[in-house]
Amino acid sequence: MTSPDTEYASLATFYRAAWDQLGRGVADAKHPARTPTLATISANGFPAQRTVVLRAADRAAAEVEIHTDTLTPKVEELRENNKAALHVWIRKSKLQLRLEVCFDILTGLDVADRWNAVPPASRISYGTQPVPGQPITGPFDYEKPTEQARFSVLKGHVQQIEVLYLGTKHQRALYKRTDHWCGQWISP
Ligand SMILES: Cc1cc2nc3c(=O)[nH]c(=O)nc-3n(C[C@H](O)[C@H](O)[C@H](O)COP(=O)(O)O)c2cc1C
């Protein structure tokens with residue numbers, strides 16, 4: 001774990017620290033990077049935000065994964081516009097990560113391996129009736145059957161990462177896929 005007042009000597013170290021945090025989020029249910037905020041653009045033009053669980057983070061490929069119900073509004077929004085953002089604040093490490101991400105929506109046989117790894121108790125997150133977001137008469141007028149066909153993996157191709165470190169001396173850098181993640185220090 002990065003000590004709170006470490007300074008990052010190079011762009012490369014700073015970049016690695018960002019991905020290390022994402023990796024920790026995947027591995028550790030209690031780590032703040034486990035539950036980033038995902039922002040999409042909704043039909044009315046406003047950003048729509050919600051908490052999600054980070055399921056995979058691959059630095060070499062610059063890819064992340066999120067699991068969701070295929071019939072949730074976020075999936076419809078991503079079908080319209082696959083450009084989205086992820087945000088995490090890791091208080092202990094004083095790091096804020098802001099990612100621009102293009103998502104592919106994977107379903108069916110393409111994600112059978114991921115479905116097989118979902119614990120049975122968690123499978124009820126995929127298949128809620130009525131469809132999530134629909135009006136219901138009373139607070140518990142819904143059912144949660146398990147429906148594999150409703151399981152989607154949102155595969156995110158990271159395009160840009162902005163890292164902000166709020167140490168004694170602030171540091172901030174922008175990394176882009178188009179620059180092969182070389183990075184650029186920017187004014188905090
Ligand atoms: C801690 C936490 C973790 C969540 N993880 C997920 C997740 O991994 N996938 C998901 O679809 N929804 C997750 N949710 C629920 C979403 O925040 C959201 O309420 C739901 O997916 C509907 O979003 P939408 O209507 O914008 O599509 C989580 C909520 C919380 C509070």
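As the structure lists them, so they are numbered: ligands from 1, and atoms in each ligand from 1.
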Just by distance, with hydrogens left out, do R50 and T40 show a side-chain donor and acceptor under 3.5 Å apart? yes
How far apart are the C-alpha atoms of Q49 and H87, what are their side-chain angles, what is the distance that settles it, and do they pass the side-chain hydrogen bond (donor to acceptor under 3.5 Å, both in side chains) test? CA-CA 10 Å; Q49 301 172 82; H87 166 269; over 6 Å; no
Part of E77 within contact of ligand 1 (heavy atoms, under 4.0 Å): neither
Salt bridge check, E65 against R114: does any charged N sit closer than 4.0 Å to a carboxylate O? yes
Does a salt bridge link K155 with D104, judged by any charged N lying under 4.0 Å from a carboxylate O? no
Does ligand 1 come near enough to D69 that some N or O of the ligand is less than 3.5 Å from an N or O of the residue? no
Check this for me - ligand 1, V53, N or O atoms closer than 3.5 angstrom, yes or no? yes
Per-atom filter on ligand 1: closer than 4.0 angstrom to a heavy atom of T68 are 10 (C), 11 (O)
Within the 4.0 Å heavy-atom shell around T72, which atoms of ligand 1 are there? 27 (O)
Which protein heavy atom lies closest to [atom], and at what distance to 0.1 Å?
{"atom": "atom 9 (N) of ligand 1", "value": "H67 O, 2.9 Å"}
{"atom": "atom 19 (O) of ligand 1", "value": "R50 CB, 4.7 Å"}
{"atom": "atom 29 (C) of ligand 1", "value": "T51 O, 3.6 Å"}
{"atom": "atom 21 (O) of ligand 1", "value": "K74 NZ, 2.6 Å"}

May I ask you to decide if the ring planes of F140 and Y142 are parallel, tilted or perpendicular, using 30° and 60° as cut-offs? tilted
Contact check, P132 vs ligand 1, heavy-atom distance below 4.0 Å: no
May I ask you to test the T70-T68 pair for a side-chain heavy-atom distance under 4.5 Å? no
Just checking W115 against F151, ring centres under 6.0 Å apart? yes
